[in-house]
Amino acid sequence: MKILESLFTKYNIPLSDEQKSQFDKYFSMLVETNKVLNLTAITEEDDVAIKHFLDSVLPFNFFPKSASIVDVGSGAGFPAIPLKIVRSDLKVCMVDSLNKRINFLDSIISELGLKNTIATHSRAEDYAKNHREKFDVAVARAVASLNTLVEYLLPLVKVGGLAIIYKSSKLAEEIESAKKAISVLGGKIETIKNFVIEEGAMERNILIIRKISKTPPQYPRDKNKPKTSPIS
């Protein structure tokens with residue numbers, strides 16, 4: 001990927017030759033698999049480099065050393081796979097509800113030789129029931145409202161850990177709607193990091209929520225309630 005090295009250098013993200021090779025393989029497998037499985041609408045090389053790979057790794061230095069992370073609704077592996085490539089110390093679990101995507105993620109893990117990385121077929125609320133407060137960090141780049149996402153993420157995070165959520169420029173409105181949910185679920189907003197990616201004419205906000213107390217046992221609710229009836 002021609003643009004990748006200069007792009008990452010601009011954003012102070014170091015890349016070794018091995019990491020560049022891993023991104024190249026990931027791109028090739030993504031585009032090839034996308035012909036038979038709808039993984040992404042973004043397939044042009046430069047667009048993938050900017051809107052998937054760079055975007056995924058923007059908060060790479062916010063993760064504690066050797067942190068265990070869970071990526072909820074991982075889809076084609078964003079942000080977990082790019083994060084793992086640039087932060088090999090991370091212990092990564094990707095959760096997705098579609099088995100075909102899990103098969104793709106398994107092939108990526110194998111082909112790229114990613115250690116301490118697994119993909120799990122499960123709905124987020126089901127996974128949380130058996131893995132409550134097991135992770136240092138939960139991440140999501142999924143398209144869902146903030147008050148829904150926090151109900152999926154915060155139950156998975158240890159007290160003292162983080163939820164790192166990728167959001168667009170309209171984050172302020174979502175935060176206002178999600179204040180009660182964040183509080184009820186044991187979280188507290190710690191900081192918001194804003195990035196303007198000129199190459200993709202896009203803005204990315206990274207919301208970092210600290211888990212300050214245990215999540216009440218009734219959360220996350222099942223039967224799709226986090227989406228249909230968010231905490232408010």
Over all atoms of both residues, closest heavy-atom pair of [X] and [Y]:
X	Y	value
Asn147	Ser177	ND2-O, 3.8 Å
Lys227	Pro230	O-CD, 3.7 Å
Glu125	Tyr152	OE1-CE2, 3.5 Å

(request) Sort out for me which residue in Leu37, Leu105, Val36, Leu39 forms a side-chain contact (heavy atoms from CB on, under 4.5 Å) with Lys100. (result)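 For Lys100, the side-chain contact (heavy atoms from CB on, under 4.5 Å) test succeeds with only one of Leu37, Leu105, Val36, Leu39, which is Leu37.
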Would you compute the distance between atom [atom1] of [X] and atom [atom2] of [Y] and round it to the nearest 0.5 angstrom?
X	Y	atom1	atom2	value
Leu162	Phe135	CG	CZ	14.5 Å
Leu112	Lys25	CG	NZ	6.5 Å
Leu207	Asn194	CG	CG	12.0 Å
Ile189	Lys179	CD1	NZ	7.5 Å
Ile175	Lys170	CD1	NZ	15.0 Å
Ser229	Glu151	OG	CD	9.0 Å

Please say whether more than 12 non-hydrogen atoms of neighbouring residues, nucleotides or ligands are located less than 6.0 Å from [atom1] in [X].
X	atom1	value
Glu5	CD	no
Glu18	CD	no
Lys134	NZ	no
Lys180	NZ	no
Lys20	NZ	yes

(message) For Phe60 and Phe8, I'd like to know if the aromatic rings sit close, meaning centre-to-centre distance below 6.0 Å.
(response)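 No; Phe8 has its ring centre 6.0 Å or more from that of Phe60.
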(message) Please tell me whether Phe78 and Tyr26 form a close aromatic pair, meaning their ring centres lie under 6.0 Å apart.
(response)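 Yes, the ring of Phe78 comes within the 6.0 Å limit of the ring of Tyr26, centre to centre.
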Taking the side chain as every heavy atom from C-beta outward, state whether [X] and [Y] have any pair of such atoms under 4.5 Å apart.
X	Y	result
Tyr11	Ile197	yes
Phe63	Val139	yes
Arg221	Ile231	yes
Pro59	Lys193	no
Asp71	Val92	no
Met94	Lys84	no
Tyr127	Leu156	yes
Ser66	Lys91	yes

(message) Considering only residues two or more places apart or on different chains, which pairs with a residue in residues 33-44 satisfy side chain to side chain donor-acceptor pair (under 3.5 Å)?
(response)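 Listed by first then second residue: Glu32-Lys35, Thr40-His52.
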(message) Assigning hydrophobic clusters by single linkage (Ile, Leu, Val, Met, Phe, Trp, Tyr; side-chain heavy-atom cutoff under 4.5 Å), is Leu54 placed with Leu83?
(response)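 Linked within one cluster.
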(message) Hydrophobic cluster membership, with links at side-chain heavy-atom distances under 4.5 Å among I/L/V/M/F/W/Y: are Ile69 and Tyr166 in one?
(response)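 Result: yes, single cluster for both.
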(request) Dump the intermediate steps for side-chain contact (heavy atoms from CB on, under 4.5 Å) on Asn224 and Arg123, then the final yes or no. (result) CA-CA 10 Å; Asn224 217 28; Arg123 291 170 57 87; 3.8 Å; yes
